[in-house]
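Working notes for the structure below.
Quantities reported herein were computed from a predicted structural model and do not represent experimental measurements.
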Amino acid sequence: MYLLLLAIIYLAFISLGLPDSLLGSAWPTIRVDFDVPISYMGIVTMIISGGTIISGLMSERLTKKFGTRVVTTFSVILEAIALFGFSTSTEFYHLCLWGIPYGLGAGAIDAALNNYVALHYDSKHMSWLHCFWGVGTIISPYIMSYALTHTVWPDGYRTVSYIQFGIAVVLVLALPLWKINKSAEVQVENSTVLGIKGALKIKGVPSLLTGFFAYCAAEATAMFWTSSFFEGTRGATKDEAAALGSLFFIGMTVSRFLAGFITDRLGDNKMIYLGTYIALAGVLCIIAPIKTLTIVGFIIIGLGCGPIYPCIVHSTPGNFGAENSQGIIGIQMASAYVGSTFMPPIFGLIANHISIKLMPVYLAAFLVLSVIMIKKTEKACRG
């Protein structure tokens, strides 16, 4: 039963990853269909991330009231409905409206499950959990690429929505499995609500939030703009660019799978630093105007980014206490989504008004800021 519950949690994270790479893969085509500038993708991502920020901040109260299993199941259903709504969109503002429930659902899943796994499972399982998120992000660009080649982009969204509904059915049927950790769940539900003010008073939390913000700014920029980078600088066609949008996710997923075998040995902080340095090496590769090297570079960036997010999250209970972890992880998710919300759109403006070739510089700046802040957090927690 223990392993079956773990498998269900992994499945839930596949559902979280499936939609995340769809918009970036389809955007070169969507923006033409709706006759909007390249930077308008930033508006949609800001709305989606705005919803995740709200649900991330609310996650502590929601999880304590309803429990992880109910929050997760309801949120997957909400995501599935929103994705089907994307497939019916005929105007740009329709995408914006459907982005609201999609963001709310994604943020709740992320915060609730990350805290649950951080509390109840080893670091390797956190890496593998996010590896399964990567499985979802790898699958969806190919679904969209197939749709763009053989039909139209709404079919890509519709297909992913059907998959999400299927996963939601499995989660509903699996609700009784969560009872195996019910005592731990009750302990979390009965703990005191920390809140934003309470979290920020804890030594090391502000620098942690800044570092997580910076990392997620880099990750989201790579996630959303890889396809457009290939089309704008390497001459890729729209359907080719959609498929190439999976390179970052392939590297990230492989990295998280491999990290599961070494994370418990090296520890979370060493994995964060190692991943950052590898990602920076990948950024150097995409500077050269050579298509093959650029392909390799985005895979390397994904390889480096792979362990960073799960290790930052998994280290939270150890750094700040299990009693504070749900509140801090919820705020972590919110800070992550602030980075995901504002930084990719700002890069969209840079790409629109200056040049998309500046993407390597943009990525490097946030990766460097992230590693500086994480080191500062480590020192604060040790002190």
Side-chain angles (χ1 to χ4, degrees), residues 17-32 38-42 44-45 48-49 133-145 148 153 156 215-256 275 278-306 308-309 339-340 343-352 355-367:
L18 275 169
D20 281 357
S21 53
L22 273 181
L23 185 61
S25 297
W27 187 249
T29 301
I30 293 175
R31 75 179 187 88
V32 172
I38 186 174
S39 60
Y40 271 37
M41 181 174 71
V44 183
T45 60
I48 292 172
S49 295
W133 171 84
V135 169
T137 64
I138 289 172
I139 292 171
S140 52
Y142 287 101
I143 293 174
M144 184 57 70
S145 180
L148 292 173
W153 67 265
Y215 165 71
C216 290
E219 179 188 276
T221 301
M223 181 190 302
F224 287 119
W225 292 104
T226 296
S227 295
S228 297
F229 186 82
F230 273 103
E231 186 186 24
T233 68
R234 303 296 184 262
T237 61
K238 286 181 171 58
D239 56 337
E240 184 185 12
L244 289 171
S246 67
L247 292 173
F248 172 78
F249 300 104
I250 290 172
M252 178 178 284
T253 303
V254 171
S255 175
R256 285 175 176 172
I278 292 173
L280 287 169
V283 170
L284 291 175
C285 291
I286 69 173
I287 293 174
I290 303 170
K291 189 174 182 179
T292 303
L293 190 57
T294 304
I295 290 173
V296 173
F298 274 109
I299 294 175
I300 293 174
I301 294 171
L303 287 170
C305 287
I308 299 175
Y309 193 116
S340 302
M343 297 305 106
I346 288 175
F347 177 71
L349 294 174
I350 293 171
N352 208 33
S355 175
I356 199 169
K357 293 180 181 179
L358 291 175
M359 185 174 176
V361 178
Y362 199 77
L363 294 177
F366 283 111
L367 288 170

Quiz prompt | N/O donor-acceptor pair under 3.5 Å between T221 side chain and A217 backbone | solution = yes
Quiz item: Can you name the closest pair of heavy atoms from A288 and L293 and give their distance?
Solution: CB-CD2, 3.6 Å
Quiz item: Is F230 close to L247 at the side-chain level, that is, under 4.5 Å between some pair of heavy atoms?
Solution: yes
Exercise. Flag the pair K291 and E240 as a salt bridge only when some basic side-chain nitrogen lies within less than 4.0 angstrom of an acidic carboxylate oxygen.
Key: yes
Quiz item: Do F366 and Y215 come within less than 4.5 Å of each other through their side chains, counting heavy atoms only?
Solution: no
Self-check item: Shortest non-hydrogen separation from M359 to A222 and the atoms involved
Solution: CE-CA, 3.7 Å
Quiz item: Got I38 and S228 here, is their nearest side-chain heavy-atom distance under 4.5 Å?
Solution: yes
Quiz item: With a 4.5 Å limit on heavy-atom distance, are the side chains of W27 and Y40 in contact?
Solution: yes
Quiz item: Taking the six-membered ring for Trp, are the ring centroids of F298 and F248 within less than 6.0 Å of each other?
Solution: no
Quiz item: Is any side-chain heavy atom of M252 closer than 4.5 Å to a side-chain heavy atom of L303?
Solution: no
Quiz prompt | Nearest-0.5 Å distance that lies between atom CG in L367 and atom OH in Y362 | solution = 12.0 Å
Self-check item: pair F249-T226: side-chain heavy atoms closer than 4.5 Å
Solution: no
Quiz item: What are the two closest non-hydrogen atoms of W153 and L148, and how far apart are they?
Solution: CB-CD2, 3.7 Å
Quiz item: Could you give the distance from CG (L363) to CD1 (I286), rounded to the nearest 0.5 Å?
Solution: 5.5 Å
Exercise. To the nearest 0.5 angstrom, please state how far the CG atom of L244 sits from the CD1 atom of I299.
Key: 9.5 Å
Exercise. Rounded to the nearest 0.5 Å, what's the gap from OG on S255 to CD1 on I300? Could you check?
Key: 12.0 Å
Quiz prompt | Residue pair L18 / V135, side-chain heavy-atom distance below 4.5 Å | solution = no
Exercise. Output, in order, the C-alpha distance, side-chain angles, deciding distance and verdict of side-chain contact (heavy atoms from CB on, under 4.5 Å) for Y309 and C216.
Key: CA-CA 8 Å; Y309 193 116; C216 290; 3.8 Å; yes
Exercise. Output the distance between atom CD1 (I350) and atom CG (N352), rounded to the nearest 0.5 Å.
Key: 11.0 Å
Quiz prompt | Close side-chain approach of P344 and W225, heavy atoms under 4.5 Å | solution = yes
Quiz item: Of the non-hydrogen atoms in R234 and I287, which two are nearest, and what is the gap between them?
Solution: NH2-O, 4.1 Å
Practice problem: Return the minimal non-hydrogen interatomic distance between P28 and E231, and the atom names on each side. | Solution: CB-OE1, 3.4 Å
Quiz item: Looking at S227 and A241, what are the two nearest heavy atoms and their distance?
Solution: OG-O, 2.7 Å
Exercise. Dump the intermediate steps for side-chain contact (heavy atoms from CB on, under 4.5 Å) on I30 and L23, then the final yes or no.
Key: CA-CA 9 Å; I30 293 175; L23 185 61; 4.3 Å; yes
Quiz item: How many angstroms lie between atom CZ of R256 and atom CD1 of I308, to the nearest 0.5 angstrom?
Solution: 9.0 Å
Quiz prompt | Step-by-step side-chain contact (heavy atoms from CB on, under 4.5 Å) determination, T294 to T233 | solution = CA-CA 10 Å; T294 304; T233 68; 5.8 Å; no
